[in-house]
Protein chains: 2
Amino acid sequence: MGADRKPFQRRATSYDVARAAGVAQSTVSRCFKDDSGISPETREKVLRIASEMGYARNSLARSLITRTSNMVGVIVTEFTMRNNPELVYSLGIQLRASGIGLILQVIENDHAISSILRQVLEFPLDGLICCSEMPPEDVARFVSRGIPLLFFNRIIEAAHVDCLALDHAQAGRTVARVLHEAGHRDFACVKGPEGAPVSKLRADAFRDTLKDLGIADVPTCATDFSYDGGRQGFLDLIRDRKPPDAVFCANDQLALGVMDACRHDLGLDVPGDISIVGFDDIPEAGRPSYLLTTVRQPIPDMAEQAMRLLMERIAAPQLPARKMLLTGELIRRTSARLAPA
Amino acid sequence: MGADRKPFQRRATSYDVARAAGVAQSTVSRCFKDDSGISPETREKVLRIASEMGYARNSLARSLITRTSNMVGVIVTEFTMRNNPELVYSLGIQLRASGIGLILQVIENDHAISSILRQVLEFPLDGLICCSEMPPEDVARFVSRGIPLLFFNRIIEAAHVDCLALDHAQAGRTVARVLHEAGHRDFACVKGPEGAPVSKLRADAFRDTLKDLGIADVPTCATDFSYDGGRQGFLDLIRDRKPPDAVFCANDQLALGVMDACRHDLGLDVPGDISIVGFDDIPEAGRPSYLLTTVRQPIPDMAEQAMRLLMERIAAPQLPARKMLLTGELIRRTSARLAPA
DNA sequence: TTGTACGCGTTATCAA
DNA sequence: TTGATAACGCGTACAA
């Protein structure tokens with residue numbers, strides 16, 4: 001691929017250690033396993049010599065024969081990586097605690113997944129956590145290889161494939177309802193880019209619920225999933241109309257941008273003039289400058305559940321597909337005027 | 001390790017494809033290479049059959065024989081992962097652009113590196129980007145294996161080992177100087193945990209420079225590298241004394257916490273009553289609620305340079321060791337009263 | 001252009 | 001308890 005890169009240097013092999021220790025190569029191999037019947041003296045001698053020679057087993061060769069790479073793949077979109085790194089962090093910690101390696105793939109957005117699939121398929125992963133959409137035919141390729149597959153915040157219907165997600169739609173409905181109950185009638189919605197499934201779920205549920213409540217027109221803008229996107233997007237959205245009295249944003253970064261647009265660009269009081277609700281409950285949302293009312297997505301818990309589901313499937317690949325839907329909690333701070341809980 | 005995990009299922013091999021196509025296994029192998037002399041008809045037929053069978057090469061086996069795993073390891077501390085995810089993001093993008101995989105290791109802090117070293121050594125990486133300290137004897141193990149090693153924001157002296165870092169000390173001196181020039185005489189410093197090398201470099205340079213300027217007593221607190229740490233740490237620090245008129249924080253998260261402590265807990269005006277300077281220039285620092293004066297650490301650029309250094313060394317492992325020190329830029333916003341530039 | 005045969009460094013099997 | 005030997009799946013000399 002591209003430049004001609006030098007191979008890694010020769011390192012000591014179990015064969016080298018065996019020769020130095022005057023034993024067979026297979027004996028060396030056994031000394032690095034826990035149980036197998038090796039006399040204490042032999043083991044001690046071999047391990048000592050191995051250590052002196054700087055020998056370390058080659059996990060490539062071992063994986064080849066044991067058919068276990070001890071690696072889990074994690075596919076995340078650029079957005080998750082930048083704005084919700086807690087997920088990768090949590091997964092990293094948990095995998096390490098299980099002694100499993102983490103191969104990270106960052107893709108631009110959900111559509112870009114096909115560009116990395118070949119590379120992912122060529123490495124015999126023990127499992128894959130995918131935080132992106134995936135075409136059914138590609139899902140099938142993993143399944144037919146028997147690679148445990150878990151979708152995070154994406155719902156994919158396929159045999160032997162698990163999903164763990166927040167119930168984004170339900171949360172979107174809740175936000176619409178509580179804002180409406182508090183007397184708001186003039187709404188807007190700022191969502192993420194078209195093709196960001198999570199944003200769509202949240203925003204659609206919000207708008208649909210309002211429609212059921214008799215509010216059909218909800219000015220909406222789609223922008224990139226960022227602070228700047230939210231700030232500029234909202235300003236563009238209300239250029240030709242008067243500001244709404246409540247805005248729902250598909251995530252907290254957008255919401256913080258909208259809030260700053262209101263306060264610093266438009267001179268509006270939040271929540272006096274306008275209520276703002278976000279989604280995720282990122283750390284910044286709770287800080288005194290913002291105190292954003294939002295729906296909490298408990299990422300560390302979700303990461304833990306995801307790991308559990310994946311480990312269970314690795315242990316029992318033939319388990320029926322499981323869908324795990326978590327309920328988001330509305331965190332009431334001061335950025336929105338709400339009826340008492 | 002731990003639970004008994006089922007191995008991955010059998011997948012089609014080049015041998016299976018060869019038999020189905022009526023050619024030799026080596027022919028199949030050649031069809032997946034770019035150059036090697038294969039007749040167009042054979043290649044087409046083999047690739048078609050391979051595709052039908054869902055065949056994908058096994059990168060484990062290939063790596064074993066080519067002695068190139070096509071994987072780069074990235075070791076980051078928990079702190080980097082949580083508070084400066086831009087680094088992992090940038091590295092992920094760049095590695096993917098080069099067709100190289102990324103094996104991520106998240107460790108608690110710089111001392112925890114020994115706990116993952118065995119696992120890292122067993123996988124024949126093409127290179128390793130380490131954002132943590134590493135004991136010299138462990139550095140030597142990578143070097144003796146010929147694994148290209150690049151330290152990011154850590155300076156390690158070893159033959160054939162590259163380092164890329166911001167000049168934290170110089171930046172710390174600059175901050176001390178500009179604050180002093182602006183007339184501040186009463187300082188405080190909020191730094192990260194003991195054993196966070198970057199924090200130490202920044203804070204020590206700041207304090208040493210002030211000492212040279214005749215200010216020996218700079219109340220300092222060490223706390224965890226976070227917003228909450230900064231906020232609470234600063235409150236604790238000034239419990240028994242009057243607030244200083246300038247605070248230097250070893251990173252932006254701390255600085256934002258200190259700023260909120262000043263404004264929301266202590267009722268101080270920033271920068272009227274107190275100047276605050278941070279470090280990193282994370283996105284939040286530029287937002288209107290904060291407008292933090294800080295030293296920019298150009299993470300995307302640094303990631304790019306790091307990649308370049310590593311790729312060069314992979315191509316030429318015997319290159320002499322290189323140290324690349326970048327100058328941080330002081331970003332003048334409104335959280336600190338400074339003399340005009 | 002294609003086939004044969006070997007080796008990468010392990011673990012697993014079987015015999016001793 | 002240990003040793004010889006066969007896989008694992010691929011890339012690559014060498015021969016045809």
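Under the salt bridge (charged side-chain N to carboxylate O under 4.0 Å, His left out) criterion, R82(A) pairs with E78(A), E86(B), sequence neighbours left out.
Taking a 4.0 Å limit (strictly below) on heavy-atom distances, residues 20-34 of chain B reaches DNA chain D at Q25(B), S26(B), S29(B), R30(B), K33(B). Sorted by residue number, the members of residues 38-55 of chain B with any non-hydrogen atom under 4.0 Å from DNA chain C read I38(B), S39(B), T42(B).
Using cut-offs of 30° and 60° for the angle between ring planes, the F123(A) and F123(B) rings count as parallel. Classification of the F32(A)-Y55(A) ring pair by plane angle, with boundaries at 30° and 60°, yields perpendicular.
Extent of DNA chain C lying under 4.0 Å from chain A heavy atoms, first and last nucleotide in 5' to 3' order, is dG9(C) to dT13(C). Using a 4.0 Å cutoff to heavy atoms of chain B, the contacted part of DNA chain D runs 5' to 3' from dG9(D) to dA13(D).
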Requested in this report: Decide side-chain contact (heavy atoms from CB on, under 4.5 Å) for V23(A) and V46(A); before the verdict, give the C-alpha distance in whole Å, the side-chain angles of both, and the deciding distance to 0.1 Å.
Outcome: CA-CA 8 Å; V23(A) 298; V46(A) 168; 4.2 Å; yes
Requested in this report: Might you work through the side-chain contact (heavy atoms from CB on, under 4.5 Å) test for I155(B) and L325(B), ending with a clear yes or no?
Outcome: CA-CA 10 Å; I155(B) 304 297; L325(B) 221 55; 4.2 Å; yes
Report task. Determine, stepwise, if the pair I129(A) / L91(A) fulfils side-chain contact (heavy atoms from CB on, under 4.5 Å). Result -> CA-CA 9 Å; I129(A) 296 177; L91(A) 291 175; 3.9 Å; yes
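Within 6.0 Å of atom CD in E52(B), more than 12 heavy atoms from other residues, nucleotides or ligands are found, so the atom counts as buried in its surroundings.
The CZ atom of R141(B) lies 6.5 Å from the CG atom of L117(B); values are rounded to the nearest 0.5 Å. Distance check, rounded to the nearest 0.5 Å: CD1 of I38(A) to SG of C31(A) gives 4.5 Å.
By the 4.0 Å N-to-carboxylate-O rule, R308(A) lies too far from E304(A) to be salt-bridged with it.
Considering only heavy atoms from C-beta on, I156(B) comes within 4.5 Å of E133(B) through its side chain. Side-chain contact between V161(A) and V143(A) is present, with heavy atoms from C-beta onward closer than 4.5 Å. Counting only heavy atoms from C-beta outward, the side chains of F152(B) and L87(B) approach each other to under 4.5 Å. Counting heavy atoms from C-beta on, the side chains of P148(A) and D162(A) never come closer than 4.5 Å.
A donor-acceptor pair shorter than 3.5 Å cannot be found between the side chains of S29(A) and S26(A).
Between I65(A) and A61(B), it is A61(B) whose nearest contact on DNA chain C lies nearer the 5' terminus.
The rotation axes computed at either terminus of the helix from dT1(C)-dA16(D) to dA16(C)-dT1(D) lie 40° apart, taking five pairs at each end and rounding to 10 degrees.
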